[in-house]
Each structure stands twice: as structure tokens, then as C-alpha cells.
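Remarks on the structure that follows.
Protein chains get the first letters and strands the later ones, always in sequence-line order, with residue 1 at the start of each.
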Amino acid sequence: MKLSAAFYRRPDVVTIARELLGKHLFTRIDGVLTGGRIVETEAYAHINDQACHSHLGRFTKRTKIMYEAGGVAYVYLIYGRYALFNIITNEAGKADAVLIRGLEPTEGVDEMLLRRGLMVASAKLTAGPGLLTQALGISTAHYGTDVTGDLIWLEDRGEQIPDEQVLASPRVGIDYAGADAALPWRFRVLGSKWTSPAK
DNA sequence: GTAGTGATGCACT
DNA sequence: GTGCATCACTACT
């Protein structure tokens with residue numbers, strides 16, 4: 001079952017990030033279906049969280065889309081090379097987001113290998129947020145794409161990840177956020193080799 | 001361990 | 001308008 005806009009428009013972004021584990025993310029880019037099971041996410045909240053691009057009402061061209069109602073993609077370029085894929089949550093004007101960091105490939109693995117320039121499927125295929133976007137064909141061109149549409153969407157396949165298989169830990173690479181960097185808003189499925197390699 | 005990449009945002013004219 | 005510091009990362013040694 002495809003996740004509806006109502007799923008994303010709930011107020012608690014941390015809960016949404018937790019619930020996205022075990023859901024499936026699909027893209028149909030250039031007519032090719034690719035996708036997999038989400039095994040790692042991070043929550044970013046617009047209030048009380050300096051790590052979030054939209055914190056304290058920062059409203060710029062880049063973060064504009066975060067102020068839309070939940071259910072659209074926020075894709076942005078980092079370090080000049082890599083696209084990172086976020087899903088906007090909460091209602092319009094409340095700029096929360098969930099970053100998708102880890103994906104276990106299930107559909108269109110051959111196409112993903114092609115996009116990544118690899119010969120065999122390994123953890124390298126989607127090991128890291130910048131690589132899974134490459135594998136799925138997501139780029140900054142998909143900034144603002146509706147994630148309940150036919151280009152990029154998420155599905156609930158009835159799988160629940162039990163709490164004892166979920167690891168909550170501090171987020172990655174956001175030391176600049178000071179004390180907020182310690183918030184345990186990164187969620188991973190324990191034991192998956194498809195979670196990102198970063199500390 | 002370190003190099004590399006370029007859009008972005010802000011300070012300054 | 002120009003300049004430049006910053007960055008939620010990956011590839012390579």
C-alpha cells in the first residue's frame with residue numbers, strides 16, 4: 001500500500017522517521033523501477049534543532065520546499081557532488097524533514113549497478129545517503145517532487161520492525177549543531193549491512 | 001588519514 | 001553586484 005500524504009503530515013517527525021524503517025522506497029526514473037527497504041533514517045525538526053536547515057525559521061531558496069505540507073521530496077547537493085534525499089513532513093509552515101540514509105535494494109538491482117558503475121551487488125551499492133540517491137537515479141532535478149506520485153513513492157508492505165531491532169543514536173556529521181547534535185534522532189535497523197558506514 | 005567538489009548563504013560593497 | 005567560508009559526503013592512499 002502506498003503511503004498517503006496523511007502519513008507525512010502528522011506533527012511528530014521523530015515518530016515518522018522511526019516508522020519509515022521497514023517501509024519501501026521506489027523510484028520510476030527514465031521509466032525504470034528501482035527501490036528497496038528503508039533501513040536507516042534521521043529526523044530533522046524545525047524547532048529546537050540547530051542541525052535542521054530550516055531551524056529558527058531560516059527561509060531561503062533552498063529550504064523553501066521544507067515549508068510545504070508534508071509529502072514532497074527535499075533533494076539537495078552536498079559537497080558539490082552528492083544528492084541527499086529527504087521527505088518533508090508535518091503541515092505547511094512547519095518545516096520538518098526525514099533524511100533517508102540507508103536502503104536495502106530489492107527492485108531494479110541491475111539498473112542500480114549500472115548507475116553506480118559496479119559489476120556486482122555489494123554493500124557499496126547503497127552504502128551512504130549520497131550513494132543510494134545515485135543508485136535510485138534521484139538528483140536535484142527531483143527537488144519538490146510529490147512522494148505520493150508515480151515518480152517517487154513509498155509503500156507499506158505490512159512489515160513492522162520491532163523495537164529491539166531498532167537502534168536510536170545521535171545523527172551523523174552535524175557537529176556544528178552543538179548540543180543538538182546529541183539528540184538520538186538517527187534510526188537504524190540492527191544487523192543490516194545496508195546501513196551507512198559512517199560512525 | 002586526506003583531497004576534492006560546487007551550490008549555497010551571508011557579508012560586504 | 002562580488003568574494004569567500006561553509007557543508008546532513010565519498011573515494012582514494
Side-chain angles (χ1 to χ4, degrees), chain A residues 8 13-14 16-18 20-21 25 36 38-68 70 72-90 94-105 112-145 147 152 167-189 192-199:
Chain A
Y8 308 106
V13 64
V14 178
I16 296 173
R18 162 70 180 81
L20 282 176
L21 293 179
L25 168 67
I38 295 170
V39 294
E40 183 169 354
T41 63
E42 283 182 14
Y44 288 85
H46 68 293
I47 44 166
N48 261 347
D49 181 11
Q50 287 187 50
C52 185
H53 287 166
S54 62
H55 85 94
L56 297 178
R58 204 149 84 194
F59 187 98
T60 64
K61 199 170 156 193
R62 182 172 71 155
T63 61
K64 180 164 156 273
I65 203 73
M66 302 183 78
Y67 293 84
E68 301 285 315
V72 295
Y74 169 45
V75 183
Y76 75 98
L77 208 60
I78 190 67
Y79 300 125
R81 286 186 186 222
Y82 302 102
L84 269 65
F85 176 66
N86 301 249
I87 298 168
I88 300 307
T89 70
N90 215 328
K94 298 186 178 172
D96 294 345
V98 176
L99 168 66
I100 307 298
R101 291 188 65 90
L103 192 79
E104 178 183 320
M112 293 196 232
L113 289 171
L114 203 64
R115 286 176 181 150
R116 295 270 300 107
L118 298 173
M119 298 312 284
V120 292
S122 73
K124 282 189 166 184
L125 186 56
T126 59
L131 298 183
L132 79 87
T133 53
Q134 236 180 68
L136 291 174
I138 296 173
S139 72
T140 51
H142 304 286
Y143 179 89
T145 302
V147 297
I152 302 174
L167 183 66
S169 58
R171 290 166 294 176
V172 180
I174 50 164
D175 295 344
Y176 64 86
D180 293 326
L183 291 169
W185 286 359
R186 176 190 188 198
F187 298 99
R188 274 179 287 174
V189 176
S192 173
K193 70 169 181 171
W194 302 101
T195 53
S196 69
K199 9 167 204 181

What closest approach, in Å, do A:I100 and A:P129 show between heavy atoms, and which atom pair accounts for it?
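Nearest heavy atoms, A:I100 then A:P129: O-CB, 4.0 Å.
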
Could you give the [atom1]-to-[atom2] distance, from [X] to [N], as a whole number of Å?
| X | N | atom1 | atom2 | value |
| --- | --- | --- | --- | --- |
| A:L84 | B:dA7 | CG | P | 16 Å |
| A:I87 | C:dA8 | CD1 | P | 20 Å |
| A:K64 | B:dA7 | NZ | C1' | 17 Å |
| A:Y74 | C:dA8 | OH | P | 10 Å |
| A:L125 | C:dT10 | CG | P | 13 Å |
| A:L118 | C:dT10 | CG | C1' | 13 Å |

Check: [Y] main-chain N/O paired with [X] side-chain donor or acceptor under 3.5 Å:
| X | Y | answer |
| --- | --- | --- |
| A:Q50 | A:G178 | no |
| A:S54 | A:A95 | yes |
| A:R171 | A:D180 | yes |

Could you grab the distance from atom CG of A:L84 to atom CZ of A:R101, nearest 0.5 Å is fine?
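Here the interatomic distance stands at 7.5 Å.
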
Nearest 0.5 Å please: distance from the OH atom of A:Y8 over to the CD1 atom of A:I16.
9.5 Å

For A:K193, I'd like to know if atom NZ has over 12 heavy atoms of other residues, nucleotides or ligands within 6.0 Å.
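Yes.
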
The dot-bracket string of DNA chain C, counting Watson-Crick and G-U wobble pairs with both distances under 3.5 Å, using [ ] for crossing pairs and | for pairs to another strand, is |||||||.||||.

With A:W194, the side-chain contact (heavy atoms from CB on, under 4.5 Å) member among A:L125, A:L103, A:I38
A:L125

Pick from A:T133, A:L132, A:L136, A:T195: which one makes a side-chain contact (heavy atoms from CB on, under 4.5 Å) with A:T126?
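Single side-chain contact (heavy atoms from CB on, under 4.5 Å) partner of A:T126 among A:T133, A:L132, A:L136, A:T195: A:L132.
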
Collect all protein-nucleotide pairs involving nucleotides 5-7 of chain C in which both atoms are nitrogen or oxygen and the distance is under 3.5 Å.
none

Do A:Y74 and A:R62 make a side-chain contact, defined as non-hydrogen atoms from C-beta onward lying under 4.5 Å apart?
yes

Within the structure, does a side-chain N or O atom of A:R81 lie under 4.0 Å from either OP1 or OP2 of C:dA11?
no

Using only heavy-atom distances, determine whether the side chains of A:Q134 and A:R116 contain a donor-acceptor pair under 3.5 Å.
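Looking only at side-chain atoms, A:R116 and A:Q134 do form a donor-acceptor pair, the distance falling under 3.5 Å.
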
Using a 4.0 Å heavy-atom cut-off to protein, can you give one letter per nucleotide of nucleotides 8-13 of chain B, 5' to 3': B if the base is in contact, S if only the sugar-phosphate is, - if neither?
SSS---

